[in-house]
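From a predicted model like this one, the values you see are computed outputs, not experimental measurements.
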Amino acid sequence: MKAMLVGDNKKLLWTEVAEPIMGENDVLIDIYAVALNRADILQKNGTYPSPKGWPEWMGLELAGVIADMGSGAKEKSSYKVGDKVCALVGGGGYAERIAVPYELLMPIPTGWSFEEASAIPEAYATSYLNLFLEGHLKKGQTFYMAAGASGLASAAIPMGKAIGAYVVTSVQTYQQAEKIKNLGADYIIIQEKESIPEAFEKLEKEGRPVNVCMDCLSGEDLGKAMPYMARGGYWVVISTLAGVETNIKLRPLLTKGLHLVGSMLRNRTNEEKAFILKSLVAELFPHMENGTIKPSIYKVLPIEQAEEAHGILERFENTGKVVLKVK
């Protein structure tokens, strides 16, 4: 089979590799589509390798068809050969086939294509984990999603709206704000007009302070905005794209009982990930199948054009997910 390896000068090479070795509790998936994440860029650059036990090549979320199953997977799961599935993996999605523990599979929602479904596992599982398990978001609360034009935001914003939250997000320009209006955010912070801390202060004065933040940016704005959160609020840091340092005023943290939480999906155990996926299917798949939560795909390219796809992410061109079509 073929997989996408990183060659000299970080060039991506669609190259022959050994077939996956399937364990007792694994299923073998013929991959039809794989969605991109910023972690792929880090992995290509050598700073975010696949966890032990996963293929060395990139790809954290994919969709395809079950081609074979280990004896344990046949006995313990409800899946069968020929089922259409999507999967959350630690690496190895940029390939024609992959062996995946059956616990890390999800069905494909009715009416969703392989390309759309490939964008579910990482983006939606990350959003579910950090909104509900880490952030404890509830109906009627205010939720802030940083970087509203990102692929992750295209999952998190509709998810927040589906459960009845007031959703706030941020973008750099008016042009970006226009591009993401379809996601349904109630308030878009346009940073060429107002800063994120200014917007947080305004929301608090208007009686709608932020209860839950899912922050992939961090940096200076974290410390400046956090004092304006709602009492008992949760600021969940999932990445540090805008900087690794900030100054936090401890008095509001103390008097408001605020929570600053660091959270990563990738370094959790398969058992933890299986629980997240099972909860996601039970609670949010009905919203996906009735159209309340819709996929947001920016562009689909053939796997051979992975370099071009990476360039889209590196230049921050996309609003929504970029997907590679394998089959």
| Between Phe114 and Ala33, which heavy-atom pair has the shortest distance, and what is it? | O-CB, 3.7 Å
| message | Can you classify the ring geometry of Tyr234 versus His136 as parallel (below 30°), tilted (30 to 60°) or perpendicular (above 60°)? | response | tilted
| Electrostatic pair Glu96:Lys327 at N-O distance under 4.0 angstrom | no
| How close do Val212 and Asn130 get, heavy atom to heavy atom, and via which atoms? | CG1-O, 4.4 Å
| message | Is it true that Gln43 and Ser50 share a donor-acceptor pair across their side chains at a distance under 3.5 Å? | response | yes
| request: Kindly state whether the ring of Trp54 and the ring of Tyr94 have centres lying under 6.0 angstrom apart. | output: no
| query | Looking at the rings of Phe200 and Tyr144, which for Trp means the six-membered one, are their centres under 6.0 Å apart? | reply | yes
| query | Would you call Glu201-Lys224 a salt bridge at under 4.0 Å N-O? | reply | no
| Does a salt bridge link Lys76 with Glu103, judged by any charged N lying under 4.0 Å from a carboxylate O? | no
| field | Where Gly59 and Asp40 come nearest, the two heavy atoms and their spacing | value | N-OD1, 3.9 Å
| What do the steps show when you test Lys321 against Glu116 for salt bridge (Lys or Arg N to Asp or Glu O under 4.0 Å), and what is the final call? | CA-CA 9 Å; Lys321 295 288 283 189; Glu116 291 167 337; over 6 Å; no
| request: Decide, yes or no, whether a salt bridge links Glu206 with Arg208 under the criterion of side-chain N to carboxylate O below 4.0 Å. | output: no
| note | Closest heavy-atom pair, Val244 versus Thr240, reported as atoms and distance to 0.1 Å, is CG1-OG1, 3.6 Å
| query | Where do Asn290 and Thr292 land on the side-chain hydrogen bond (donor to acceptor under 3.5 Å, both in side chains) test, with the steps shown first? | reply | CA-CA 6 Å; Asn290 69 17; Thr292 305; 2.6 Å; yes
| said: Atom CG of residue position Asn247 - does it have more than 12 heavy atoms of other residues, nucleotides or ligands inside 6.0 Å? | reply: no
| Within 45° cone and under 6.0 Å: Arg268 NZ/CZ vs Phe275 ring | no
| Exercise: identify the closest heavy-atom pair between Gly91 and Ile98 | O-CD1, 3.6 Å
| Taking NZ, NE, NH1 and NH2 as the nitrogens, is one of them in Glu314 or Lys44 under 4.0 Å from a carboxylate oxygen of the other? | yes
| field | Leu313 side chain near Val322 side chain, heavy-atom distance below 4.5 Å | value | yes
| Minimum heavy-atom distance Pro121-Glu61, with the two atoms named | N-OE1, 3.4 Å
| Does Arg38 make a cation-pi contact with Phe316, if we ask for NZ or CZ under 6.0 Å from the ring centre and within 45° of the axis? | yes
